[in-house]
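Indexing begins at 1, ligand by ligand and atom by atom, following the structure's order.
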Amino acid sequence: MTQVNTTQDSTRQNVLGEIISLIAANPASSENINAILKLVQAASAATSASFILFDEPKLVISSGDSDSWINHEQILQSFTAKLSDKLNINPPLIDGLASKHQNWLAAPLRNGKLDLGLLWLSFDTLPPLADTLDALVDSLSILASNLHAHESHEHSHQLTISLLTSITDPLLVLDDDRNLLLMNPAAETVFKAKADQVRGKSLREIVQSEELIALGSDETKKLAEWISPDEKTFVPRIEAVRDAQGSLEGWVLALRDVTQFKKLNRNQSEFMRIVSHDLRSPLTAMQGFASMLELGLVGEMNEKQNHFVSKILAGIAQMTALVENIQDAGRYDPESGFYELTRSHCDLGEMLRKIVDNQLVPAEKALTISVSIADNVPIINADTNMLERAIINLVDNAIKYTPSGGKVEVGAKCENNEVIVTVKDSGLGIDAQDQQHLFERHVRIARQEHKKIKGSGLGLFIVRSVAQRHGGDAWVESTQGKGSTFYLGIPLDGPNLVTAKE
Ligand code: ADP
């Protein structure tokens, strides 16, 4: 740095002081730049002074007789990249730049390695230079960085607002004390509040629902559903927002609107209920008449006729089973089923023996079916019909999916305060991937060996629904090629205990 003339230095010091106080008063505002440039120009006798920012925000502010190329951002960026830090005196100009003045000073406005902009001063006669100009460049670089940070912040804030607005489900962003920072228009509608008016207020004041307040105050709490005052159904979820270091910054409460799904589900269940109910009576009548034919009550039949009647009866049995499963799947569904459990004393041993005795094994299939009930299985207080329907499905599957010559073992045991019904077969087994979704509605495994076996994919859904409605669960253990064991567990506590009722 060229160091000359100390009397002028003190004036420059004063000017610099003035500039720095202007920047300090408003560290992220571009409003003062004009005034600053005028001061710079006056103090350094420059013919022109320009402050240029390349991006976020784009800015070109000039004072005095500036050159026209100061608007050519790309050229200036290439030029700035070549400059050394702080003040450059008469640095070589690149193509596209030409100065109408004799001398020029250029200083990159940098934040680390990032070129944010350029300070350009032009002179007819280069004045003696002082360190104060270096300090000025530092201050302007800080101002440029602040403007850049402010713009980036504004930009991401705007982005967040647009994102929130575009989400059609209600969303509330809370600080770590659970006071409102932001809420989207969908949330404004549900909670009948304007974000601007309730910003900073507590979740309690905004949502006015004890359930949501409880969820908001303890993220480990789960709330399956929340019904809004205008009768819409939402699935609420609260998530912590953390900074890069993992410290808690706030919370997001999101409410997924499932009103439409609930309605569709109800309509579907209702449709299924009506259809299956109306199919039952004609099926019963058909079964009755076909049985009369089979028994020869309306005259002798030849062998071919008998064969056809047995096919008709098999078809009717299949349709009846399907109708029953459709009905059960609708009624027992833990999410949408309207079925109320009717509990009574339930002897699982007796039930299993009865089911196995009555279960029809196709004549052409040779299967060994056994029942074994552990001594410690108690009488439970359960919905006998429901349990029977679930276990029939398990035994029916074991018979359906086990090839001739195989073994089916039905049992019940008591383990870890739970009664467990087991249905084990020596069939083809199920691979681990298929096991994952087996208990979902309408899931059937597509495999060549089972191609001819009819089914609706509702049996195991019913099994799990029945278990869940008793507070338990259903699961499977299976190895490909080695058979499967299906489990239905009912916990021995609460209303399942016989003592609980008496
Ligand atoms: P469905 O038998 O009517 O298809 P389920 O819900 O009862 O419906 O069973 C779903 C699928 O699980 C079946 O399609 C079958 O592929 C498989 N599965 C069920 N039980 C067994 C079993 N014991 N052995 C092998 N696969 C089975």
Is there a polar contact between ligand 1 and Gly429, counting only N or O atoms under 3.5 Å apart?
no
A student checking ligand 1 against Leu438 at a 4.0 Å heavy-atom cut-off should list atoms 12 (O)
Decide whether Glu154 and His157 meet the rule of one side-chain donor and one side-chain acceptor closer than 3.5 Å. no
Note: Asn393, heavy atoms under 4.0 Å from ligand 1, region reported as neither
Checklist entry - Out of curiosity, is Gly427 lining ligand 1, as in a heavy atom under 4.0 Å away? => result no
Ligand 1 to Val443, heavy atom cutoff 4.0 Å, flagged ligand atoms 10 (C), 11 (C)
Asp425 heavy atoms within 4.0 Å reach ligand 1 at atoms 22 (C), 23 (N), 24 (N)
Per-atom filter on ligand 1: closer than 4.0 angstrom to a heavy atom of Asn397 are 2 (O), 5 (P), 7 (O), 9 (O), 19 (C), 20 (N)
Looking only at heavy atoms, the pair that brings Phe461 and Ala329 closest together is CE2-O, 3.6 Å
**Report entry** Close approach of Lys400 to ligand 1, heavy atoms, under 4.0 angstrom
**Finding:** yes
(Q) More than 12 heavy atoms of other residues, nucleotides or ligands under 6.0 Å from OH of Tyr339: yes or no? (A) yes
Short version for Phe439: what comes under 4.0 Å of ligand 1, heavy atoms counted, is neither
Taking only non-hydrogen atoms of Ile445 and a 4.0 Å limit, the atoms of ligand 1 in range are 14 (O), 16 (O), 17 (C)
Worksheet item: Would a distance-only check, ignoring hydrogens and angles, find a side-chain to backbone donor-acceptor pair under 3.5 Å from Asp175 to Glu249?
Response: no
ask   = With a 4.0 Å cut-off, would you call Arg331 and Asp328 a salt bridge?
value = yes
We want to know whether Arg389 and Asn325 form a side-chain donor-acceptor pair, criterion being a heavy-atom distance below 3.5 angstrom. yes
So the atoms of ligand 1 within less than 4.0 Å of a heavy atom of Gly457 turn out to be 1 (P), 3 (O), 4 (O), 6 (O), 8 (O)
Has ligand 1 got any nitrogen or oxygen that is less than 3.5 angstrom from a nitrogen or oxygen of Arg444?
yes
At under 4.0 Å between heavy atoms, what of Leu460 touches ligand 1? The answer is both
- Query: Do Thr384 and Ser344 have side-chain atoms, one donor and one acceptor, less than 3.5 Å apart?
  - Reply: yes
A student checking ligand 1 against Leu458 at a 4.0 Å heavy-atom cut-off should list atoms 6 (O), 8 (O)
